[in-house]
Structures are given as structure tokens and as C-alpha cells.
Amino acid sequence: MKQEVCRVAISGATYAFDKLYDYDIPPELAGAVVPGVRVLIPFGRGDRTREAIVVRMGCDPRAQYERKCILEVLDAEPVLDEHALSLAAHLCSTLFCTFYDCARAMLPAGLWFRKTERYELTKSTTEAMRQELAATYPVLQNFSKRKRAIAVKKLTELCGGALPEQQIHALVQQHILQQTSTFDRRMNDKTVTMHRLGMPYDDAMAMAERGRSSVRMDIVSVLAQEGRMSRTDLKYMTGASDSTIRAMVKNGMLAQWEEQTFRLPEQPELSERKEFVLSQAQQTVYNRMEPLLLSGHPEAALLFGVTGSGKTQVYMRLIDRTLQAGKSAIVLVPEIGLTPQLICKFMAQFGSCTAVLHSALSVGERYDSWKRIRSGEARVIVGTRSAVFAPAQNLGLIILDEEQDDAYKSENSPRYHARDVAKYRAMQENAFVLLGSATPAIETFYGAETGKYPVLHLRERYSGAALPRVTIADMRGTIQQGYISAIGPVLRQAMQRCFAEGHQCILFLNRRGAAKQVTCPSCGWTPACPSCSVSMTYHSVNHRLMCHYCGKSIPVRRTCPNCGSTHLKWEGTGTQRLETELQQMFPERKILRMDADTTSTKGSHAKLLEAFAEDQADILLGTQMVTKGLDFDRVTLVGIVDADQSLFAQDYRARERTFSLLTQVVGRAGRRQTQGQAIIQTYHPQDEVILDAARQDYERFYEAEIERRRMLQCPPIAQLVVLTAVGERERDVLAALVAVKQRMESLMAGAFSDFCYPILGPAPATVVRVQNRYRYHLTIRCPDNKRRRALLDGILREAGASRNFRGVTMYADVNPMQI
DNA sequence: AGCACGCCGACT
DNA sequence: GTCGGCGTGCTC
């Protein structure tokens, strides 16, 4: 009988040596080795055991090397089916990532195994030999013939904290000891480490004072106040490090235990399916989509519906039809935490055949969902970005809600866009991709315009509510009029009127966090993070300065360390400061603030929204978070405090993001009978983006923007590949990029003369230094084709293998969201 | 990455 | 003489 062979992708490979390796299949494993199962194989000179995935049967026919043998098969059934394997291969070649990067994105974490390395005496070692050798190698005292293998961790402990590596190495060489590895399933529930004081307050404080440790004293007083706190929060509040807390647990000052993390409430009552009636407009677009869904070919469409036009009902009807046709559907949402209302609707409608995939689930829960999906039991899958990989059986429909959202692009390897993956899957599995948005991504609309897929419009709000009346409030000159406030006179009056009518309002701050910077007016000093090239911002909750990139925090200073001035200035309109200001402006009104600070604990987001919906506050104040999928009957006024903030970022998508944001926020006003009002405060009332957003005129915005993209040669007109280098030594990082640029240019002059495009850079990344690592990049503006893949593949493999680039890692990102 | 092999300095 | 430094090249 012919010797069986297969080709595998190995775990833990870098891009430089990530390729298929051929292995023999021992006869006893013959039936068990099929494409998609994970196996253990010996790899490298040292034949260390590694995990691998069988990608296909057979081998490289021209192979002249000797093959090794598969050791073990880990799965009874493939974890990746044929579609998934070919999708992974496609992602590797287009996104320049390793096969295992893809596998990690596609499979639930609960499936991964933890490798435990153990040592044991070899069979041929006698007790006499062991005793004799123990004189020279004391580590042998821990072993006996009867005892099973000892895990490295245990052995380290037995040897007093340090593993005697030389001894072990020598003993392995002499075939006295051998290493074995086992892979244990880890399915631990997601838990959070909690702390409280481990002794009475006075004793703990005395201990901390004796050690003259201010951090410990802080920890003790914070815990005395709060009683109990998670380790994450404790670190946030006090700036303590893990090691400090661990030491305090060890000496008894703190107690520690594990607690289950919050989970989304399991299915809200499996109520009877609500029959809903589609409006005329909804029915019209549904009628156009149904044939696409049932065509049996790959299809796509853009559902372009203004905010409040009832896209969700159309989705529901489509999913219903998909299920009737015996197929399954995947619904992607940008961020599950922000759309609890949507999830509940789906759960209520499709009940037990729904599976939700998101990060708040425990590892075990996610694994269970994955199994339910793979078995075909769950046929409606609602989830975030990575749910696009869900092993849906007989896939018929993929919906991307709010398809323009940046959250659909992965920030780390594999750097995929869920929209592209959805299209690829649709292509393979003859499914229908529906992109839904009120402000489609420029590239999506471009695709529709160039005839790749149809656009279906929902131009009116469901139930005929009018779009809000939008006012642009010119903020120029308000300071001269005596208003130093962030709330200008126009918005202020509108708010007063709104409250007088007994309504609620939403105020939107156009920035990421509660940014509040500290500066010294006399010398210009500003606190900078010691490990990142950004300044630190003030957080009132813990009264500390924080770095938003690495999370480091330091206590607030009263004096400038540079010049000694005691008049430090607190700058910027963070949500926190605005809250204070609003409270003074409207003392009798209740304000809910929603930002990274107030929603740091899981579930607090939903609680805040609930409180607002139940009328417990008059003003909802927040950042990006208030823009998503909220639907409140009594909100008639929306104020955008600082519309300009995101307008002038230097990257090419800044205008698009601003337009989308403003349009979404404006759409939050008046979703029922009453016509709402939106007020956009700006210092640039003439800017086209502001004007177009105020008019809610997407097409006009699109025309201007696509023209800009054409001028700038940016996506979707041209494509960008950004090569980033990261390393601790700045000049090494730059040198590596200069070398790579030269190499590419010489290739483009020679073997790749048919693929010659300008290379820009090296340029510093937006934040040059993060956690003491410098990042620079090259930008190549070139089309996506075989030649590009070949060129970049070669470059990245060379760079990864080269010794000259030690300490510098390099990766490519295709059409990144931010440059 | 992680490991073995190989070729030069300061030790028993 | 040898133990061990880390530069180099390979991984089916």
C-alpha cells in the first residue's frame, strides 16, 4: 500500500517560514488524518512537538527531503471545513498573515489547547542509575520510576523557583530523562480577579505605613472605602502594578478570589414571534432582495436607509425567508455592547435557533455557540466582526449592519475587513451579502455606482416621522460675546425650550475619551507618558493622569515639575468637565454621562441607557457611544458640541468619519411623532462636510469626497499597502524601512518592472512611540493583483528572516482605516 | 521563533 | 587543551 502523506500548516510560525510542510501518516492514524483536523508533529532540528492543521492530503511531488511522521491526531472531526481552509489560504496570501493567525480568528478560544511540558525518566533508566547520577545531577532526586512525568512548572517549584536547565539538558542528552508534552483543553469560564482587605483596616494601614509605600496606602484606603474591587479597577484607581498587588496578597494585606464576569442576560423570554408589517417602502426593497437571496448564486446589495427607516425589520424578514429556504444567516453588528436592543429583538424573533457571538461570553459559552452553529442547530448568528467566520451550515445570507463602521476592520493580524470576508464567503457558498447603512462607506457606494451591486433605498423614516430640523450654530465669536462655555447660546436656548416641553436631549462630544489635558501656562510643560509619545489626560474618577495607549497612570500634580508654577491649567472639554458645566447651567436637570469612564464595567452601558429610557435623566451626555442604535421616544433635541473635532485629522478618511458621525447623531432626534431638532456647533460653518451633514445629503457628500479620493489617489480609487516596522531602537526601525524601500525599488526596476509604483516614507506612525516601541511606515499605492502579492510576500519573508533586522518586526496592512 | 552547528576567547 | 560566547542557516 502506498505510504500516506499530508500537508500541514504549523502553529507558532512567523511569516518568514509559514508554509505547508509534508508529513507521513503512520498507518494506525490513516483514517483519522483528514483536511481540517489538528495534529501534533515533530518540528525543527530539535523535533519539538508542535500543533499543526492538516490543510490537504498528498505532498509536494518534487520533494527531495525526508519526511517526519505525524505523532497524534487531536480532533475526531475537522475544525475547519473545506470552505474555511480555502478562505484561510486566501486571507494568508492577500493580507500577509500566517495560516495560524487565520485559524485563531476562525475558531473559538475554547478549542485551543494549553501545552504542558513534562519530564520523566526514560524506560531504560534503572533506579540504581538514577541514584548514582543524582550525586552529580541533584534534580534527579525529584524523579522516581513510579511517579509519572513532572510538569515543568511543578519541577521549577520543587527546585526552589529556578529550573536547573543545564542538568536537564545533559540528562536528556544521556537519555536518562525525556520530555513529553500534553495538550489540555482549557475551557475555564471567563472570570475576573477580585480583591478586598485581608485584615482589619487599621492593621493594613499600619503595615503600609511601616513600608512607607504610598501605593499600598492608596490601595488600602480605596478598598476600605469600596469594600471590594476587581484587580483591573484597583489598578486603574491607584496606578498599582500587578506585582504590588500580588505581594500584598502574599503577605495577607489583601484577599483575592475569582468571580464570574458579567454575561448578557440569556435569552429574554422566548416570547411568541411578533408579526410585523412592512411599510410600503420596506416591502418594495424586500421584494427586490428576495430573488437575490434565493438565486443560488453569489449576490450582494447595499441597503441605503436613512436613520429610523426601519432597516432592522427588512433584515428580519430576509432572515425569516432564509430560514424557510433551509439556510442559515449571519448578522454582523459593529459592537455588541452597544446594541443590546437589537440583540433582544433577534432573540425574541428567532428564539432558540439564534446564537450570539461576542466577547462578553465566557470561553466555554463561545465554544458552545460555535458547536451549536457547526452542528446546524443555530441558524441565525448575531455577532461582531469575527462572527463572519462562524461555521454556519448552508450559509444563505450575511448582513453587515452599519457597514461603514471602522470596527469591521481588524487592527491585528489577520488584518481583515469583515465586508471582504463576507463577500469571499458569499462567492464560495453562493450566499447573499447585504450591506446596510445610513451613510455607506465611500468604497461601498463606489462599488454600487460602478455597477458591482444594486442600491436599495429607504428614503423615508418608518411611520413617516420627519427628519430632524438641523441648525448650524456658528461658534466663532461666542467667546467675545462673553460665553466661555462649551454650550453656545443657540444650543442653550434650544435645551431650555426642550426641557420646558418636558422632553429629553442628547449631547454629543466628538472625541474618543474624556480628554482633558493639563498644561503649565508659564512654561508650556505638559505631562507626557514615559513610554508613549502622547500626553496624558486627566480622569476625575480616580483623580489621576492616564495614558490612553498603554494604560499607565500617575497621580495628579499640583505644581509644574519644570518651573514650579502652581497655576496648572486644565484644558479641553472632556465629558467630565462638560458635565460639571451643564450642572451649573441647568442645576435642576439630571445628567447621565456616558464615556469610557462610566462604562468601564460590563453592563454599565446598558444600565445607563435603560435609566435614560426610563426617564431618569433629562440629558444624556457622551462620546461616540451615544451614536449607536439608540431609540428614545422622548428625545427631541440633539446637540453636537464640537462638530469640528474629527474634521482635521490628517488621514484621508477623516471627512468620511465626521460626516457619518454627524449624520448618525442628528438622526437620533425625534424618532416618533414629533419632529426633532439637531444643533451642530461648529467653528467652520462653511465647511462642506458640516453643511452636507446638516442637510443629510449623502449623495452630495459622496460626489465631493470621491473626487477628493481621485485627486489623492486613495481608496477606493487606488489601494494602499502600509508596511509598518516596530522596534525598540528608533534608528534600527528607520534603517530597516530604508533598506526595505531600496530593495523594493530595485526589484521594481528589475524583476518587477511590470509592477512599478511609488513608495512613500518612511514616515512616523500617528503615535510614534507606544510602550517604548517606535513605529514607522512605508506607504505603497498599488493595485491588488498576483504581482503585488508576490512582491510583498518576498519582501516580508526576506525581512523576517534577515539578521540585520533584529529587534524590528514588520507587517503589512492593506487599506488600513487609519494611517 | 527556536534550535543546532560552527568557529573564536578566557578558564581548569 | 575545553567550556561556552553568539553569528548563521534551517525548519517537511
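Letters A, B, ... are given to chains in the order of the sequence lines, protein chains preceding strands, and every chain is numbered from 1. Both backbone and side-chain heavy atoms feed into the values below; hydrogens, waters and symmetry mates do not.
With rounding to the nearest 0.5 angstrom, the NZ atom of A:K68 is 5.5 Å from the OH atom of A:Y23. To the nearest 0.5 angstrom, A:I150 atom CD1 is 8.0 Å from A:L121 atom CG. A distance of 8.0 Å separates CG of A:L791 from SG of A:C782, quoted to the nearest 0.5 Å. The distance from the CG atom of A:L177 to the CG atom of A:L171 is 4.5 Å, given to the nearest 0.5 Å.
Taking atom CZ of residue A:F805 and atom C1' of nucleotide B:dA1, one finds them 17 Å apart after rounding to whole Å. Taking atom CD1 on A:I41 and atom P on C:dT11, their separation rounds to 13 Å, with Å as the unit. One interatomic measurement links the two molecules: OH of A:Y65 to P of C:dC10, which rounds to 15 Å at whole-angstrom precision. As rounded to whole Å, 12 Å separates atom P of C:dC12 from atom CG of A:D24. What separates CZ of A:R797 from P of C:dG9 is a distance of 19 Å, to the nearest Å. Regarding A:R50, its CZ atom lies at a distance of 9 Å from the P atom of C:dC12, rounded to whole Å. We find that OH of A:Y21 is positioned 5 Å from C1' of C:dT11, with the value rounded to whole Å. If you measure from atom CZ of A:F99 to atom P of C:dC12, you get 18 Å, rounded to the nearest angstrom.
Using a 3.5 Å distance cut-off with no hydrogens or angles, the side chains of A:N412 and A:R415 do not pair a donor with an acceptor. Judged by distance alone, the side chains of A:Y65 and A:D22 do bring a donor and an acceptor atom under 3.5 Å apart. Under the 3.5 Å distance criterion, with hydrogens and angles disregarded, a donor-acceptor pair is assigned to the side chains of A:D793 and A:Y15.
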N/O contacts under 3.5 Å, protein versus nucleotides 4-6 of chain B?
none

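Using cut-offs of 30° and 60° on the angle between ring planes, the pair A:W370 and A:Y367 is parallel.
Residue pairs meeting the side chain to side chain donor-acceptor pair (under 3.5 Å) criterion with at least one member in residues 77-97 of chain A, sequence neighbours excluded: A:S86-A:Q428.
For A:R48, the side-chain atoms get nearest to B:dC3 when compared with the rest of B:dA1, C:dC12, B:dC3.
Remark: A:T14, A:F17 in residues 12-19 of chain A come within less than 4.0 Å of DNA chain B through at least one heavy atom.
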